[in-house]
**Q** 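I'd like to ask you about the structure that follows.
By convention in this document, chain letters (A, B, ...) are assigned in the order of the sequence lines, proteins followed by strands, and residues within each chain are numbered from 1.
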Number of protein chains: 4
Amino acid sequence: MTIQEPVTARPAGRPRSEKAERAIIEATLDLVGDGMGVAELSIEAIASRAGVGKTTIYRRWSNKEELVADALATLKAPLPPLGGESVRDDLITLLRAMREDKGRSRTRCVMNVMMSDADRYPALMERFQKVAIEPRKEAMREVLRRGIRTGELRADLEVEMGLAILSGTMIWYTKWAPPGDLPADLPERIVDHVLPGFAA
Amino acid sequence: MTIQEPVTARPAGRPRSEKAERAIIEATLDLVGDGMGVAELSIEAIASRAGVGKTTIYRRWSNKEELVADALATLKAPLPPLGGESVRDDLITLLRAMREDKGRSRTRCVMNVMMSDADRYPALMERFQKVAIEPRKEAMREVLRRGIRTGELRADLEVEMGLAILSGTMIWYTKWAPPGDLPADLPERIVDHVLPGFAA
Amino acid sequence: MTIQEPVTARPAGRPRSEKAERAIIEATLDLVGDGMGVAELSIEAIASRAGVGKTTIYRRWSNKEELVADALATLKAPLPPLGGESVRDDLITLLRAMREDKGRSRTRCVMNVMMSDADRYPALMERFQKVAIEPRKEAMREVLRRGIRTGELRADLEVEMGLAILSGTMIWYTKWAPPGDLPADLPERIVDHVLPGFAA
Amino acid sequence: MTIQEPVTARPAGRPRSEKAERAIIEATLDLVGDGMGVAELSIEAIASRAGVGKTTIYRRWSNKEELVADALATLKAPLPPLGGESVRDDLITLLRAMREDKGRSRTRCVMNVMMSDADRYPALMERFQKVAIEPRKEAMREVLRRGIRTGELRADLEVEMGLAILSGTMIWYTKWAPPGDLPADLPERIVDHVLPGFAA
DNA sequence: ACATAATCGAGACGGTACGTCGAGTCTTCTG
DNA sequence: CAGAAGACTCGACGTACCGTCTCGATTATGT
């Protein structure tokens, strides 16, 4: 009888500290949340805020990009609960969620980076898309599909295009809105402008 | 008889070299066009590429942000000529122009910076808005207003919202389009999806 | 009748590996012999060359100094056999031995450290003196005392001073000799210069 | 008529600051004088104590060795004045000077490094020899030559060997003297032991 | 045979210093 | 005076070792 090798053999030596790993990611998110872009982030600052040696960071991530990617990846998108009563209400809820995020200091990271560092760090974005953006997009797609099924929306509506119109408009406003702050009823106004074109 | 003082008295000493100024701005745009963000830009690199001392840069601009702002400001927005035949055609032309820019190596700067460094360098953006963004927005507003006048669009259409929907959707696609490249007829498809909701 | 307790009761647990200890000392001497000073020696390099964990080193020695002291202490001074025919011959033999050592890769350690790290690591030296230097000094003292007894040297010669003059001169030459290499007959020349002043 | 090129054309740009250079060397000597060996010296500590950026050090010296060499080279050997009355008195004065140096905090550097780092940093020593050691050796050679001329010493005395015997003995005592401190009359005792062998 | 206990190699930990690079400022000479 | 050249201080970079600390595995002794 032979001893069964474990599937994932534990490597020799002291295992890496999960505590340190968490502290590093926390520190990174703190700094990103405080408005720092990927370029302004300094590994030294992260290490110092996390109470960790630089080596401990470099042992895990070979560059800033990968660290930030992993850090943001831990930010699961906490999707707002949808009533499911009407397409209009659910879309408003989703659009409003895009905005609310900017208020919360931690989830603000998502918007900060998505807006600013998107195409400069493509590898980062690819990872980030999967865990943070795609779920939100999928939620909105699902609402649209349901609207088509229930007959609230016209049958030949292209779901992807609908998604682009609604989200794109919302983002346009949050970034390049003309003057002053955004109106509180922005989500309602967007939906009410767009939805008639989608209705059956 | 008195000698007429010039209206703007020329200061004593050697005048600043316009050649150097142009070279600096050219070098800056080259680097930005090559994909560098504002943060990655190094004054030293600009000086070296422009064949100029760092002093000559700092004498004119007190920091990177102002230099980039001025550099981008020289990029006049070359608006596409609009036929004015139908609202649909003109909107398609305008949307297509947003995309075409990405192809040309120099005007690509506009999109690069607008997309990436928007909220990290607000002063930059403010300046940039005036010379590069606003003319394009105004052109589209004018098309929409004309559509309302001619009765192609419904009278109570909010012009600003229409602008946000069309531009926002286009930008959304250029940044977060699902897979692969963008379809060639994207502007047409956006306009055709959106316009019915705006029609009289 | 009771079982006799061993004088030094063996502590429980796995005993320290003598093999590891030897390997560590060998590695240390190798590195010192290759010209490394005490300061340049890295514990990590010693551990790696000895195929041993750093812990195994620090368990035995609390710092580099003690390790090097113990390592050098294992180097017994292999004194050259003395003919005993004449004081002159024996002194030449002893002086020559100081030089020969520099050729042998292992015993070169002795000179290396004695010359370079003497007063920076006083504790090291104290130990080292006892096992490596003192025997050589004693041998020379013995030769001088014998010379006094046999009448070859004058009766009021201070042995310690004689030792200092002979050894000091030899070392002076090996370290600060004017140009080029040392002459092969250096020991003879030193002795012949010094001895007349010591003769009866 | 042609303009005469200066022999050593001043290079373009801001000249290196002599003030910084002096501060660096002062700081280095301070640290060496405080008992640090070449290996323990840290460039960062030197820069900090000199109030200077690390770059400013690395611009001038490519490694520690060269810096220390230059620093020590500035320490001119302040030779003691010699009476010239008798060979014996002058030799005693010279030997005593070797010892006195150990007391003065700045000139202690000389002995510190000469004793400890001599053969580990050969390039350093070579430079150092020229400015610090050689003048002292030459002074002693001169005394010996004068003794030969005046007949105090025998005509066939090898000056170089005499130098080695006297200096070597003195150094031997200061480094490996048997127990306790050195006797106050050590120079006298050495000279009195050695000189008879040199006398005519 | 089996628990107890100190050791082993391996390697991660928080640090310090390394030598390099670029930032933005300053100082020199030349045009 | 503006120009280029290049020095200046400062601070972050990524690497190498420091001496300490876990780990699982090994190797003895004491029941």
**Q** Could you go through residues 43-51 of chain A and list every donor-acceptor pair under 3.5 Å that involves a side-chain atom there, pairing it with any protein atom two or more places apart or in another chain?
**A**
from	atom 1	to	atom 2	distance (Å)
A:Glu44	OE2	A:Lys54	NZ	2.8
A:Arg49	NH1	A:Asp30	OD2	3.0

**Q** Could you check how far CG of A:Asn63 sits from C1' of F:dT15, rounded to whole Å?
**A**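 To the nearest whole Å, that distance equals 16 Å.
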**Q** Assign B:Ile57 to base, sugar-phosphate, or nothing according to its heavy-atom contacts below 4.0 angstrom with the strands shown.
**A**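 If one applies the 4.0 Å heavy-atom cut-off, B:Ile57 turns out to touch nothing in the nucleic acid.
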**Q** Ignoring backbone atoms, test whether C:Arg60 places a side-chain nitrogen or oxygen under 4.0 Å from the OP1 or OP2 oxygen of E:dA6.
**A**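 It does not, given that no N or O in the side chain of C:Arg60 lies less than 4.0 Å from OP1 or OP2 of E:dA6.
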**Q** What contact category does B:Thr56 fall into here, base, sugar-phosphate, or nothing, at under 4.0 angstrom with non-hydrogen atoms?
**A**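 Sugar-phosphate only.
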**Q** C:Arg22: which residues meet the salt bridge (charged side-chain N to carboxylate O under 4.0 Å, His left out) condition with it, sequence neighbours left out?
**A**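 Per chain and number, C:Arg22 pairs via salt bridge (charged side-chain N to carboxylate O under 4.0 Å, His left out) with no residue.
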**Q** List the steps, then state whether side chain to side chain contact (heavy atoms under 4.5 Å, CB included) holds for C:Leu29 with C:Thr74.
**A** CA-CA 10 Å; C:Leu29 294 176; C:Thr74 66; 3.9 Å; yes
**Q** Excluding sequence neighbours, so at least two apart, what forms salt bridge (charged side-chain N to carboxylate O under 4.0 Å, His left out) with A:Glu66?
**A**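 In terms of salt bridge (charged side-chain N to carboxylate O under 4.0 Å, His left out), with neighbours along the sequence ignored, A:Glu66 is linked to no residue.
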**Q** Roughly how many Å is it from CD in B:Glu18 to C1' in F:dA2, rounded to a whole number?
**A**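 That distance rounds to 14 Å.
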**Q** Round to a whole Å and report the spacing from CH2 of A:Trp61 to C1' of F:dG14.
**A**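 Atom-to-atom, A:Trp61 to F:dG14, this comes out as 16 Å.
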**Q** Could you tell me how far apart A:Leu67 (CG) and F:dG14 (C1') are, to the nearest whole angstrom?
**A**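 Rounded to whole Å, this separation is 14 Å.
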**Q** Return whichever of A:Ala20 or D:Ile43 has its heavy-atom-nearest nucleotide of DNA chain E closer to the 5' end.
**A**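 Taking each residue's closest nucleotide, the earlier one in sequence belongs to A:Ala20.
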**Q** Which parts of nucleotides 20-25 of chain F does protein reach within less than 4.0 Å, heavy atoms only, written one letter per nucleotide 5' to 3' as B for base, S for sugar-phosphate only and - for none?
**A** BBBSS-
**Q** Examine E:dC13: is either OP1 or OP2 under 4.0 Å from a nitrogen or oxygen in the side chain of A:Arg16? Give yes or no.
**A**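 So the side chain of A:Arg16 is outside the cut-off, no N or O lying under 4.0 Å from OP1 or OP2 of E:dC13.
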**Q** What pairs with D:Arg60 under side-chain hydrogen bond (donor to acceptor under 3.5 Å, both in side chains), at least two apart in sequence or on another chain?
**A**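 Expected list: D:Glu21.
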